[in-house]
Amino acid sequence: MKKLVSIVAVALMFAGLFAFKDGAGGHVVTENIDTNKWPKSFGLGRTATVAEIKAWDIDIRPDGKGLPAGQGTAAAGKLLYQQKCLACHAEATGANPGVKSLGPVLISDTLLTGRLKTIGNYWPYATTLFDYIRRAMPYAQPGSLTDTEVYSITAYLLNANKILKDDVVLNAKNLPKIVMPAKKLFIMDNRKGGHEVK
């Protein structure tokens, strides 16, 4: 009985989607019109304040636009990484054999043929690293790091991946100038449509 009711319900549902012939042999198209009287507003939500928008408007472009003031070093970043990052990320490839980390390995070599895709051999822009750490890390407390802490952790990860020297003080001026080893593997998608879009 339930099966029959289901079949009838589906049949009735589809019946409204098709045109029906009238007595003269023509087609009559039926329209579904919403006759409910909806209010102009449901009274949900409110307009975001300038401060709220500013707190979320923290994206960093590849050219560095949007980077905040501050600076950091690899030495300071190493301590922060051990305190706030190492619980989820293995220190290096093969550091803990047989143990799967919650997050991916971030430190490896810069060989573009490396098996694991890490910061050193896959990421095209150093600014993306800063942006992601600032926005999404640590996993349990995203957005809790200060800009100085983010600069320091970024400096450490770039240093550990052999991209940044030990003594460099990372800041908004020099971070966008770092050329990542994998940048040459990425191309700008400048397709405009038509036959070249596959």
Side-chain angles (χ1 to χ4, degrees), residues 38-91 101-108 110 117-193:
W38 300 108
K40 287 185 179 180
S41 170
F42 288 95
L44 301 173
R46 61 174 173 76
T47 304
T49 66
V50 173
E52 288 169 334
I53 293 170
K54 186 177 179 184
W56 282 96
D57 187 17
I58 60 170
D59 60 298
I60 311 297
R61 292 191 343 192
D63 63 4
K65 185 173 182 181
L67 280 168
Q71 61 183 29
T73 64
K78 184 174 184 178
L79 295 173
L80 288 164
Y81 185 83
Q82 290 170 344
Q83 294 167 359
K84 299 178 183 262
C85 312
L86 197 55
C88 291
H89 298 280
E91 184 133 20
S101 299
L102 293 174
V105 173
L106 301 177
I107 301 167
S108 186
T110 55
K117 290 182 171 75
T118 63
I119 293 164
N121 64 19
Y122 188 69
W123 288 50
Y125 299 105
T127 51
T128 305
L129 178 58
F130 182 98
D131 178 81
Y132 188 75
I133 293 169
R134 183 187 194 203
R135 181 185 308 281
M137 294 292 122
Y139 182 74
Q141 295 176 302
S144 64
L145 298 170
T146 67
D147 292 334
T148 298
E149 289 175 324
V150 178
Y151 274 114
S152 295
I153 293 170
T154 303
Y156 168 67
L157 288 170
L158 291 171
N159 176 260
N161 281 282
K162 299 176 177 53
I163 298 167
L164 189 71
K165 293 183 179 176
D166 292 337
D167 56 350
V168 174
V169 177
L170 197 62
N171 56 41
K173 191 173 181 181
N174 59 12
L175 178 58
K177 294 178 182 176
I178 294 171
V179 178
M180 300 295 277
K183 184 178 179 183
K184 60 189 173 190
L185 300 179
F186 291 80
I187 58 169
M188 291 300 290
D189 185 353
N190 58 3
R191 297 172 296 178
K192 297 186 173 48

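Please read all numbers here as calculations on a predicted model, not as lab measurements.
To the nearest 0.5 angstrom, Arg135 atom CZ is 10.5 Å from Thr128 atom OG1. To the nearest 0.5 Å, atom CG of residue Leu170 and atom CD1 of residue Ile153 are 12.0 Å apart. Note that the OG1 atom of Thr118 and the CH2 atom of Trp123 stand 10.0 Å from one another [nearest 0.5 Å]. Summarising the geometry, atom CG belonging to Leu67 is positioned 5.5 Å from atom CZ belonging to Phe130; distances are rounded to the nearest 0.5 Å. Here the NZ-CE distance, from Lys84 to Met137, works out to 13.5 Å after rounding to the nearest 0.5 Å. Atom OH of Tyr125 sits about 5.0 Å away from atom NZ of Lys183, to the nearest 0.5 Å.
Between the side chain of Asn171 and the backbone N or O of Asn174, at least one donor-acceptor pair lies under 3.5 Å. A donor-acceptor pair is defined here as one N or O able to donate and one able to accept, closer than 3.5 Å; no such pair exists between the side chain of Asp59 and the backbone of Asp131.
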(Q) Walk me through whether Val168 and Asn159 qualify under side chain to side chain contact (heavy atoms under 4.5 Å, CB included). (A) CA-CA 9 Å; Val168 174; Asn159 176 260; over 6 Å; no
Q: Step by step, work out the side chain to side chain contact (heavy atoms under 4.5 Å, CB included) result for Arg134 and Ile60.
A: CA-CA 10 Å; Arg134 183 187 194 203; Ile60 311 297; 3.6 Å; yes
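Here the side chains of Pro181 and Asn121 are not in contact, with every heavy-atom distance at 4.5 Å or above. Proximity of Tyr151 to Pro68: side-chain heavy atoms (C-beta onward) are separated by under 4.5 Å at one or more points. Annotation: side chain of Leu145 is in contact with side chain of Pro138 (closest heavy-atom distance under 4.5 Å).
Ion pair Arg61/Asp63 flagged as a salt bridge, since at least one NZ, NE, NH1 or NH2 atom sits closer than 4.0 Å to an Asp/Glu carboxylate oxygen.
Pairing each heavy atom of Ala155 with each of Thr73, the nearest pair is CB-C, 3.7 Å. Of all the heavy atoms in Thr127 and Pro176, the pair that sits closest is CG2-CA, 3.9 Å. Taking each heavy atom of Gly120 and Ile163 in turn, the nearest pair found is CA-CD1, 3.8 Å. Minimum interatomic distance between Ser152 and Gly72 (heavy atoms only, all atoms of both residues): OG-CA, 3.3 Å.
Sequence neighbours left out, not one pair with a member in residues 41-63 passes ring pair (Phe, Tyr, Trp, His ring centres under 6.0 Å).
When the options Ile133, Ile119, Leu164 are evaluated for a side chain to side chain contact (heavy atoms under 4.5 Å, CB included) with Thr154, the one that passes is Ile133.
Applying the ring-ring contact (aromatic ring centres under 6.0 Å, His included) test to Phe186 and every residue at least two apart in sequence or in another chain returns Tyr122.
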Atom pairs and distances, donor-acceptor, side-chain atoms in residues 46-53, under 3.5 Å, two or more places apart:
residue : atom : partner : partner atom : Å
Arg46   : NH1  : Glu52   : OE1          : 3.0
Arg46   : NH2  : Glu52   : OE2          : 2.6
Thr49   : OG1  : Glu52   : N            : 3.1
Thr49   : OG1  : Glu52   : OE1          : 3.3
Glu52   : OE1  : Thr49   : N            : 2.9

